[in-house]
There are 2 protein chains.
Amino acid sequence: MRVSTRFSDSIHILAFIEIYKDIRLSSEVIASSVETSPVVIRRLMGVLREAGLIATKQGSAEPKLARNPKEITLLDIYFATEGNKPLFELDKKTNPECIVGGNIQGVLGDYYEEAKIAAQRKLNDTTLQDLIETILVKEKSKKSNN
Amino acid sequence: MRVSTRFSDSIHILAFIEIYKDIRLSSEVIASSVETSPVVIRRLMGVLREAGLIATKQGSAEPKLARNPKEITLLDIYFATEGNKPLFELDKKTNPECIVGGNIQGVLGDYYEEAKIAAQRKLNDTTLQDLIETILVKEKSKKSNN
DNA sequence: ATTTCTGTAACTCAATAAGTTACAAATATG
DNA sequence: CATATTTGTAACTTATTGAGTTACAGAAAT
C-alpha cells in the first residue's frame, strides 16, 4: 500500500494548533498548511481526540491541545495514530515441524522488540514543545538569511 | 499494501542454509520450512546474492553463506532486503509558505533519523550466529519437555 | 434563518508485496 | 549423451491498505 503519513501529519496538526492558537483554526486552514483535504484533517483530528490529545467541538473551529505541549511526546502521537505495531514484521506462517521454522518466530520477535523499543525511547525523548521551539528557531534562522 | 516479510524470510533462509549446510538445499526444501513457494525463495536468494551474503550456482542446489555467520548481522540482512528506508515517514508535501509546513520536514526528519539509528544499532548487535545458536537452544529446550 | 463548521460513512484510486505461471539456461544423473 | 532437475527471471494476478473524494447530518456562529 501507500506508506502512511498519519504520524507526521498528526504532529503537524498538533504543532499548528499550538502555534496558531490565537486564530480561527478550521480544518480548511490546517489543511492548507499540511497540503491535504479538510476531510483528511478532520479524520486525523478525530483520532487525536479519541487519544486524549486534543479537544474539539462540533461546528466550532477552535481545536485546543488537551495537554501542555511539554507533556506530549512524539511517542504519544505515534501510539495514537499508528498504534504499537511492529517496526519489523515476522512471517507468522513458518513450518512448525522444522527446527528453524518452529523456533525462529519467537527468537526474532525478541530481537525485533528490542529494536522497536530503542526507537520508541527516542521518540519519547522529544516533546511537542521541543518540536515547536525548533521549528520557530529554524524559521528565524531562515529570515536572518546568512 | 501487504506488509513485507522479506526481512524475516531472508533471515530464515540464511539460518536454514547454515544449519543444514550438509544436505541438499533446493529452493523447494527451503520453501517448505518458510512455507512459501520456491519461486519466492529464489527471488529472495537473488537479492541476498547481490548483497554478497550468499553464493549460488544456477542449476545446482547448493547455496552457501558467503561470509562467516559471526560476520553477518541482522542489520546487514535488513539493508540487503529492505534498504535503508525510513522507519517513520515524512509527509514530503507540506506548504512551504507556512511556518510549520516550511520547517517541519527538516526538524522531524532529524528526530526520525535518530530513532531509526537507535533501532538499527540494535539490529547490528545481533549476528546470524547468535540467532542460530538461540534457535538450537530453544529446540533442545522443547525436546527436554519440562 | 442562514452560513459555516465538524464528524463520519462510503467509495475510488494508487501503491506494493506475495504468490503464480512460464520458460530459458545451467547443472546433475544414469 | 540424453534426460531430469534446478536456478534465475519476467510477467501477471491477487490482496491489502492509506489517502483522497463525495455526500450529508448535526452543531455552532453570525
A.B. asks: Side-chain N or O of B:Arg6 versus OP1/OP2 of C:dA18: is the shortest distance under 4.0 Å?
C.D. replies: yes

A.B. asks: Which residue lies toward the 5' end of DNA chain D, B:Pro38 or A:Lys85, if each is placed at its nearest nucleotide?
C.D. replies: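 It is B:Pro38 whose nearest nucleotide is closer to the 5' end.
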
A.B. asks: Within this structure, what is the CD-to-P distance between A:Glu35 and D:dG20, rounded to whole angstrom?
C.D. replies: 10 Å

A.B. asks: Using whole Å, what does the distance between atom P of nucleotide C:dT6 and atom CD of A:Glu28 come to?
C.D. replies: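 Rounded to whole Å, this separation is 9 Å.
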
A.B. asks: Counting N and O atoms only, with roles assigned by atom type, does the side chain of B:Ser32 sit under 3.5 Å from a partner on the main chain of B:Val29, one being a donor and the other an acceptor?
C.D. replies: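 Yes, the answer is positive, given that a donor and an acceptor are paired below the 3.5 Å cut-off.
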
A.B. asks: Between CZ of A:Phe7 and CG of B:Leu108, what distance do you get to the nearest 0.5 Å?
C.D. replies: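 Taking CZ in A:Phe7 and CG in B:Leu108, the distance rounds to 7.0 Å.
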
A.B. asks: If I take atom CD in residue B:Glu50 and atom P in nucleotide D:dT9, what distance separates them, rounded to the nearest angstrom?
C.D. replies: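 Rounded to the whole Å, the gap is 7 Å.
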
A.B. asks: In whole angstrom, give the distance that lies between atom CZ of A:Arg2 and atom C1' of C:dC13.
C.D. replies: 8 Å

A.B. asks: To the nearest Å, give me how far apart CD (A:Glu89) and P (C:dA17) are.
C.D. replies: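 My rounded result for the distance is 12 Å.
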
A.B. asks: Please tell me if A:Ser27 has a side-chain N or O lying less than 4.0 Å from either OP1 or OP2 of C:dT6.
C.D. replies: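 Looking at the OP1 and OP2 atoms of C:dT6, one of them is under 4.0 Å from a side-chain N or O of A:Ser27.
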
A.B. asks: Which distance, rounded to the nearest 0.5 Å, do you find between the CG of B:Asp91 and the NE2 of A:His12?
C.D. replies: 8.5 Å

A.B. asks: Please check the phosphate of C:dT6 (OP1 and OP2 only) for any side-chain N or O of A:Ser26 closer than 4.0 Å.
C.D. replies: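 A:Ser26 to C:dT6 OP1/OP2: no side-chain N or O under 4.0 Å.
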
A.B. asks: Please list, pair by pair, any protein nitrogen or oxygen found under 3.5 Å from a nitrogen or oxygen in nucleotides 25-28 of chain C.
C.D. replies:
from	atom 1	to	atom 2	distance (Å)
C:dA25	N3	B:Gln58	NE2	3.2

A.B. asks: Would you compute the distance between atom CG of A:Leu136 and atom CG of A:Leu131 and round it to the nearest 0.5 angstrom?
C.D. replies: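 If we round to the nearest 0.5 Å, A:Leu136:CG and A:Leu131:CG are 9.5 Å apart.
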
A.B. asks: Students often get this wrong, so: under 4.0 angstrom with heavy atoms, is B:Leu44 touching a base, only sugar-phosphate, or nothing?
C.D. replies: nothing

A.B. asks: Given atom CD1 of A:Ile13 and atom C1' of D:dA19, what is their separation to the nearest angstrom?
C.D. replies: 13 Å

A.B. asks: Between B:Thr127 (side chain only) and B:Lys70 (backbone N and O only), is there a donor and an acceptor less than 3.5 Å apart?
C.D. replies: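 Here the side-chain-to-backbone pair does not exist.
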
A.B. asks: Find the distance B:Phe7:CZ to C:dA17:P and express it as a whole number of Å.
C.D. replies: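 Rounding to the nearest Å, CZ of B:Phe7 and P of C:dA17 are 15 Å apart.
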
A.B. asks: Collect all protein-nucleotide pairs involving nucleotides 20-23 of chain C in which both atoms are nitrogen or oxygen and the distance is under 3.5 Å.
C.D. replies:
from	atom 1	to	atom 2	distance (Å)
C:dT20	O4	B:Arg43	NH2	2.6

A.B. asks: Over how many whole Å does the gap from A:Lys92 atom NZ to C:dA18 atom C1' extend?
C.D. replies: 16 Å

A.B. asks: Classify the nucleic acid contact of B:Ile41 as base, sugar-phosphate or nothing, counting any heavy atom under 4.0 Å across all strands shown.
C.D. replies: nothing

A.B. asks: Apply side chain to side chain donor-acceptor pair (under 3.5 Å) to the pair B:Tyr112 and A:Ser8, showing each step before the final yes or no.
C.D. replies: CA-CA 10 Å; B:Tyr112 287 176; A:Ser8 291; 2.8 Å; yes

A.B. asks: Quick one: salt bridge (charged side-chain N to carboxylate O under 4.0 Å, His left out) partners of A:Arg42, sequence neighbours excluded?
C.D. replies: none

A.B. asks: Check whether any side-chain nitrogen or oxygen of A:Arg49 sits under 4.0 Å from OP1 or OP2 of C:dT6, and answer yes or no.
C.D. replies: no

A.B. asks: Using a 6.0 Å cut-off, check whether atom NZ of B:Lys116 has over 12 heavy atoms from anything other than its own residue.
C.D. replies: yes

A.B. asks: Measuring from A:Tyr78:OH to A:Lys85:NZ, what's the distance to the nearest 0.5 Å?
C.D. replies: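 The OH atom of A:Tyr78 sits 4.5 Å away from the NZ atom of A:Lys85.
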
A.B. asks: Going from CD1 on B:Ile77 to CZ on B:Arg6, what distance comes out if it is rounded to the nearest 0.5 angstrom?
C.D. replies: 14.5 Å

